[in-house]
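Notes for the one structure printed next.
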Amino acid sequence: MIVAQRKSIPELIEILRGHKKVLVLGCGTCVTVCLAGGQREVGIIASALRMASKLDGQMLEVEELTIERQCDNVFIETAAEAIERNDAVLSLGCGAGVQAIAERYGKKPVYAGLNTTFLGILEERGIWTEKCSACGECVLHDYGGICPITQCAKRLLNGPCGGSREDRCEVRPDRPCAWQLIYQRLKDIGQLDRLKKIQTPKNWGPNLDGGPRIIVREDHRI
Amino acid sequence: MSSEVFEPKILAFCCHYCAYASADLAGSMRIQYPPNVRIIRTPCTGRLEVEYFMKAFEQGADGVLVAGCLEGGCHFIEGNLCAKRRVNATREILSEIGLEKERLRMVNVSAAMARPLADIIIDMVETVRKLGPSPIATNAASITENPL
């Protein structure tokens, strides 16, 4: 899922300065699961904004709404009336959600209330970790399901850097060395021979370097 | 009138298994504590969420006291520890808003600690009295319509 964190309240107040009526729009999908932009967080942030704006002498009027998904037209439509009756939208969706709303309401200012951070999983209660960099050309099959692009701080594809201490990463001592994990995993599943293959430099063409990516599926178009 | 002493409105979320019983005991023992607190009984402080505290301040509370069991003594094992983390998170949000975080406090008492609870309440009332009325309450129209 997409993992995000809320912006600070003073930052949000600054972003919304000049507006009188604002819709805080939550998203019921990824950011709800990562406890950053769901219905509860909408309530907390709306409360905080109301109080902060009072102290700031702004008396901001804040409406709250959470839709199922901000990156899907069907659900965005359900927010149409609320968006129309407010001066601006503070979206608590991920970056995709914010842009989806902004594109569909051309004359309405739409702001991001969250910092979209990474694609990850819930490691344990209250801890999320990054798992995928969406590089566009998955190499997980060669590394026992552990991503060297995301997990290795140096993104090495042909073995460890040599700087790790015990099983700790040289760059992030609080994290395990990705190559230690990869070796152990391949050993466990009897595929250590995969490491004998020398990987050629990765093709970063499908990555963001080539501009925004688009997928067209003719079989699903109408 | 400016000569009047400010009487803060403090909301106290009290756990059924300790602080609420303790407040009850204080009554039985004729121990007095300021009438500034409005006690809300909760099944466990672990039931409390950040939004409860936010709503209390938004609706005009000058202070919020969360009273749970002694650490290690929660009836639901670790509800009071959850509450502690949520109170701390809310205190950070209050600081961001520009409201004094001292207006929200969590304390731990047992059902037998009537006197300490009364002292805690007295101290909380004095702390909030020194901080003055909540600027949110001053501006909140709803506080006169819906007094706590």
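What you see is a predicted model; the values in this text were computed from it and never measured. Proteins come first, then strands; the chains are lettered A, B, ... in the order of their sequence lines, and each starts at number 1.
- Atoms CZ and CD1, on F53(B) and I44(A) in that order, are 10.5 Å from each other to the nearest 0.5 Å.
- Sparse packing is recorded around CZ of R185(A), with 12 or fewer heavy atoms of other residues, nucleotides or ligands lying under 6.0 Å away.
- For the pair L55(A) and I97(B), the tightest heavy-atom approach, listed with the atom from each and the gap, is CD1-O, 3.6 Å.
- Counting heavy atoms of neighbouring residues, nucleotides and ligands inside a 6.0 Å radius, atom CZ of R30(B) does not exceed 12 of them.
- Between K55(B) and S47(A) there is a side-chain heavy-atom pair separated by less than 4.5 Å.
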Using distance only, find each side-chain donor-acceptor pair of residues 173-181 of chain A under 3.5 Å and give its atom names and separation, not counting sequence neighbours.
from, atom 1, to, atom 2, distance (Å)
D174(A), OD1, R172(A), NE, 3.0
D174(A), OD2, R172(A), NH2, 2.8
W179(A), NE1, L156(A), O, 3.1

Which donor-acceptor pairs under 3.5 Å do the side chains of residues 111-121 of chain B make with protein atoms, sequence neighbours left out?
from, atom 1, to, atom 2, distance (Å)
R115(B), NE, D119(B), OD1, 3.3
R115(B), NH2, D119(B), OD1, 3.0

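- Atom CD of E126(B) sits in a crowded spot, with more than 12 heavy atoms from other residues, nucleotides or ligands closer than 6.0 Å.
- Residue contact with chain A, scored on non-hydrogen atoms closer than 4.5 Å, involves the backbone and the side chain of F57(B) alike.
- At a heavy-atom separation below 4.5 angstrom, chain B is approached by R6(A), S8(A), I9(A), P10(A), R40(A) within residues 4-41 of chain A.
- Counting non-hydrogen atoms of other residues, nucleotides and ligands closer than 6.0 Å to CZ of R104(A) gives a total above 12.
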Please table the atom pairs, donor to acceptor, closer than 3.5 Å between any side-chain atom in residues 119-137 of chain A and protein atoms at least two apart or in another chain.
from, atom 1, to, atom 2, distance (Å)
E123(A), OE1, T129(A), OG1, 2.3
S133(A), OG, T150(A), OG1, 2.9

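- Contact record, E58(B) with M51(A): N-SD, 3.7 Å, taken as the closest heavy-atom pair.
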